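Predicted model, so just to flag it, every value in this text is computed and none were measured. When reading the values below, keep in mind they use all heavy atoms of this one structure, side chains included, and skip hydrogens, waters and symmetry mates.
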Amino acid sequence: MKKFSDLMMSRRQVLAVGLGGATAAALFNLAGCSPEDKTPQPAKQSQAASPQLDVAAYDELIAKGAVASDDDIKASAWAKKIKDAGTFRVGGVKTSMLFALLNEKDNKVRGFDAGLYQLLTRYILGDENKNQVTQVTSDTRESVLQNNQVDAVFATYSITDDRKKVISFAGPYYTSQQGILVKADNKDIKGADDLAGKTVAVQSGSTGPKIVADIAPKAKMQEFTTDEEARTALEQGRVDAYVIDITMQTGSMVKNPGKYRLAGDAFGPKDDYGIGLPLDSDGVAFVNAFLKKLIEEGTWDKLWKIAIGDRAGIKKAPEHPTIKA
């Protein structure tokens, strides 16, 4: 069993860790804490942040995305299959505030993950709208790939050794850690050490249950299928805290300023997000080349700024993760 102190990072350290650090900085700002302030305060929205997405800027960025050459498409059996079908089948979500949220006014999904698969749709098919999204949960992400229901999964999908036994990953394209979300008026939980004896919501199929079991073995875990279900349980007082990737907690705090606070530091191992693909697919090389192109051309930074940075009050884009070969 690992001790919390062995996995916890100080706020100073967290802020220095690539993308997860930038996301953590947003949470500390939204929670009304300076990086050195160890006393959690009721959440309050940064004056520089706006929960509203700049739809016009987002749509313009996606519409200007690059289109792959015919030779690049033909060189990948995975990409050629999508090109021939005329539709990119994506496993994703529609309820993630910063990563993939459905706009009911125009029925379009926007966010960081959504932007990536829309840009990839344009890259392969020449039209960012030619995708079909199948909603997934943490429990179904592998099965939709194994059953050939989708061509790829974009869903803040953590790369793990167990998952790599049944699917392949492109990326990583983002890095995170775990965070503890509690209601703003909760004074009892200040970090993972205070989870003992408490009822803690986790998302089934995610990395959260194992991390909580390692760090807070005396916590009473309650698993939920979706992020929304877990947060509802927290709001209703059926659980005392909710543990999941800090990026998800950022979205909750941006969407609901003053409602929640972050209890303590980000913790656990660095969590790399990847794009799920069928096992041993040559699409890994194709998608990795696409991700590198986004980074080199500055599109990654622009998408991050519109989808996350401007809305969480973070001015400087984080360092990019190293895209694996």
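- A donor-acceptor distance shorter than 3.5 angstrom exists from the side chain of Q249 to the backbone of Y242, with no hydrogens or angles considered.
- The main-chain N or O of D240 is never found under 3.5 Å from a side-chain atom of T199 such that the two would form a donor-acceptor pair.
- Put simply, the side chain of T140 never gets that close to the backbone of S143: no donor and acceptor are under 3.5 Å apart.
- Judged purely by distance below 3.5 Å, without hydrogens or angles, the side chains of Y157 and E142 pair a donor atom with an acceptor atom.
- Here the closest heavy-atom approach between residue L195 and residue A241 is recorded as CD2-CB, 4.0 Å.
- The CE atom of M253 lies 13.0 Å from the CE atom of M97; values are rounded to the nearest 0.5 Å.
- Under 3.5 Å, the side chains of D245 and Q178 contain a donor-acceptor pair of N or O atoms.
- Between D84 and K80 there is a salt bridge, since a side-chain N of the basic residue sits under 4.0 Å from a carboxylate O of the acidic one.
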Under 3.5 Å donor-acceptor pairs involving side-chain atoms of residues 128-135, not counting sequence neighbours:
residue: E128; atom: OE1; partner: R122; partner atom: NH1; Å: 3.1
residue: N129; atom: ND2; partner: D127; partner atom: OD1; Å: 3.4
residue: N131; atom: ND2; partner: E128; partner atom: O; Å: 2.8

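- Of the listed residues (I167, D162, V166, D161), just one forms a side-chain contact (heavy atoms from CB on, under 4.5 Å) with K164, and that residue is D161.
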request  = Take V200 and Q222 through the test side chain to side chain contact (heavy atoms under 4.5 Å, CB included) and record every step on the way to the result.
outcome  = CA-CA 6 Å; V200 179; Q222 187 170 341; over 6 Å; no
From CA spacing to verdict: side chain to side chain contact (heavy atoms under 4.5 Å, CB included), I211, V243 = CA-CA 9 Å; I211 294 174; V243 172; 5.8 Å; no
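- Annotation: side chain of V287 is in contact with side chain of L120 (closest heavy-atom distance under 4.5 Å).
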request  = For the pair Y123 and F88, evaluate side chain to side chain contact (heavy atoms under 4.5 Å, CB included) and give the outcome as yes or no after the intermediate values.
outcome  = CA-CA 11 Å; Y123 191 63; F88 183 23; over 6 Å; no
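- When each of T247, L98, L303 is tested with F112 by the rule side-chain contact (heavy atoms from CB on, under 4.5 Å), just one qualifies, namely L303.
- Here the side chains of H320 and D301 are in contact, with some heavy-atom distance below 4.5 Å.
- Donor-acceptor pairing under 3.5 Å is lacking for the side chains of D113 and Y273.
- Ring centroids of F290 and Y173 are separated by 6.0 Å or more, keeping the two rings apart.
- Few gaps surround CD on Q149; more than 12 heavy atoms of other groups in view lie less than 6.0 Å from it.
- In summary, the side chains of Y260 and N186 do not present any donor paired with an acceptor at a separation below 3.5 Å, with no hydrogens or angles considered.
- Applying the ring pair (Phe, Tyr, Trp, His ring centres under 6.0 Å) test to every pair with at least one member in residues 192-230, sequence neighbours left out, gives no pairs at all.
- A donor-acceptor contact shorter than 3.5 Å links the side chain of W78 to the backbone of D151.
- Proximity of V239 to K220: side-chain heavy atoms (C-beta onward) are nowhere separated by under 4.5 Å.
- Closest non-hydrogen pair, G171 versus N288, comes out as N-OD1, 2.7 Å.
- Here the side chain of S76 pairs no donor or acceptor atom with the backbone of D72 at under 3.5 angstrom.
- Nearest heavy atoms, Y174 versus P321: N-CG, 3.6 Å.
- The number of heavy-atom neighbours closer than 6.0 Å to NZ of K302, taken from other residues, nucleotides and ligands shown, is 12 or below.
- Note on D70 versus K74: no salt bridge recorded, every NZ/NE/NH1/NH2 to OD/OE distance being 4.0 Å or above.
- R163 contributes no side-chain N or O that, together with a main-chain N or O of I159, makes up a donor-acceptor pair within less than 3.5 Å.
- Within a 6.0 Å radius of CD in E104, other residues, nucleotides and ligands contribute 12 heavy atoms or fewer.
- Taking a cutoff of 4.0 Å between a charged side-chain nitrogen and a carboxylate oxygen, E297 and K293 qualify as a salt bridge.
- Side-chain N or O atoms of R231 include none that pairs as donor or acceptor with a backbone N or O of S252 at under 3.5 Å.
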inquiry  = side chain to side chain contact (heavy atoms under 4.5 Å, CB included), that's the test. Do I295 and I323 meet it? Break it down for me.
reply    = CA-CA 10 Å; I295 291 172; I323 308 297; 4.0 Å; yes
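- With hydrogens and angles ignored, the 3.5 Å screen pairs a side-chain donor or acceptor of D54 with a backbone N or O of A57.
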